[in-house]
Amino acid sequence: EVQLVESGGGLVQAGGSLRLSCKASGFSFDDYGIGWFRQAPGKEREGVSYITSSDGTTYYTGSVKGRFTISSDNAKNTVYLQMNSLKPEDTAVYYCAAVEAEFVRYGPWRWDYWGQGTQVTVSS
């Protein structure tokens, strides 16, 4: 069974940091892309970042570039999202997702596997 399990969310003050973790089971990260999405209440789910395990290609949406860093530990089948200089606008439920690497540029509808989501709340 393919599973993605997220952890690391919580409440933090503006300017603080959190590290999200996504642990996968049932498949290898090889040949897959792992992405982070977020969804605030009443807002569309948006892609935040992704990494392709085979070649290490990374992507960040403009609003988080320079503040967030995605990384992977393939031996542990785990992907991390280090979030620094957090802003209230970053408040959302964050989801980890996986898809074969050739589909990482597609919208959320194409991503095959999803974690349960973890709440990130940034106070002013």
Between Tyr95 and Phe37 (judged by ring centroids, cut-off 6.0 Å), do the two rings come close enough to count as a pair? no
Under a 3.5 Å distance rule, please check whether Ser72 uses its side chain to pair with a backbone N or O of Val79 as donor and acceptor. no
Between Arg67 and Lys87, is there a side-chain heavy-atom distance shorter than 4.5 Å? yes
How long is the span from the CG atom in Leu86 to the OG atom in Ser123, to the nearest 0.5 Å? 10.0 Å
Determine whether the aromatic ring centres of residues Phe68 and Tyr60 are separated by less than 6.0 angstrom. no
State plainly whether one hydrophobic cluster holds both Val12 and Val64, where clusters connect Ile, Leu, Val, Met, Phe, Trp and Tyr through side-chain heavy atoms under 4.5 angstrom apart. yes
Looking at Glu6, is its backbone amide N or carbonyl O close enough to the side chain of Gln116 to form a donor-acceptor pair, meaning the two atoms are under 3.5 Å apart? yes
With heavy-atom distances below 4.5 Å as the criterion, would you say the side chains of Thr69 and Leu81 are in contact? no
Any idea which heavy atoms bring Trp111 and Gly35 closest together, and the distance? CZ3-N, 3.3 Å
CG (Asp90) and OG (Ser63) are apart, to the nearest 0.5 Å, by 7.0 Å
If hydrophobic clusters are built from ILVMFWY residues whose side chains come within less than 4.5 Å, do Tyr106 and Trp36 share one? no
Are Val48 and Leu4 joined in one hydrophobic group, where the rule is that I, L, V, M, F, W and Y side chains link up if heavy atoms are under 4.5 Å apart? yes
Short side-chain to backbone donor-acceptor contact, Arg38 and Ala92, under 3.5 Å: no
Distance (rounded to the nearest 0.5 Å) between Gln119 CD and Thr121 OG1: 4.0 Å
Determine whether Arg19 and Tyr80 satisfy the following criterion, side chain to side chain donor-acceptor pair (under 3.5 Å), listing intermediate values before the conclusion. CA-CA 7 Å; Arg19 189 180 74 159; Tyr80 306 95; 5.1 Å; no
Count I, L, V, M, F, W, Y as connected when their side-chain heavy atoms are under 4.5 Å apart, and connections chain through other members. Are Ile51 and Phe27 then in the same cluster? yes
Ignoring hydrogens and angles, tell me if any N or O in the side chain of Thr118 forms a donor-acceptor pair with the backbone of Gly9 under 3.5 Å. yes
Once you round to the nearest 0.5 Å, how far does CD1 of Ile70 lie from OG1 of Thr57? 11.5 Å
Do Tyr50 and Thr61 pass the side-chain contact (heavy atoms from CB on, under 4.5 Å) test, and can you show the C-alpha distance, the side-chain angles, and the key distance before you say yes or no? CA-CA 9 Å; Tyr50 69 70; Thr61 195; over 6 Å; no
Looking at side-chain heavy atoms only, is the closest gap between Cys96 and Ile34 below 4.5 Å? yes
Taking it one step at a time, do Asp73 and Thr78 satisfy side chain to side chain donor-acceptor pair (under 3.5 Å)? CA-CA 5 Å; Asp73 185 339; Thr78 301; over 6 Å; no
Derivation of the side-chain contact (heavy atoms from CB on, under 4.5 Å) call for Tyr59 and Thr52: CA-CA 9 Å; Tyr59 160 85; Thr52 55; over 6 Å; no
Hey, does the side chain of Asp31 reach the backbone of Ala101 with a donor-acceptor pair shorter than 3.5 angstrom? no
Heavy atoms of other groups near Glu44 CD, more than 12 under 6.0 Å: no
Could Arg110 and Phe103 be counted as a cation-pi pair, given that NZ or CZ must be under 6.0 Å from the ring centre and within 45° of the axis? yes
Linked, directly or transitively: Val120 and Val93 (ILVMFWY side chains, under 4.5 Å): no
With a cut-off of under 6.0 Å to the ring centre and 45° to the axis, is Arg45 in cation-pi contact with Trp114? yes
Give the intermediate values and the outcome of side-chain contact (heavy atoms from CB on, under 4.5 Å) for residues Met83 and Tyr94. CA-CA 12 Å; Met83 305 186 294; Tyr94 284 70; 4.0 Å; yes
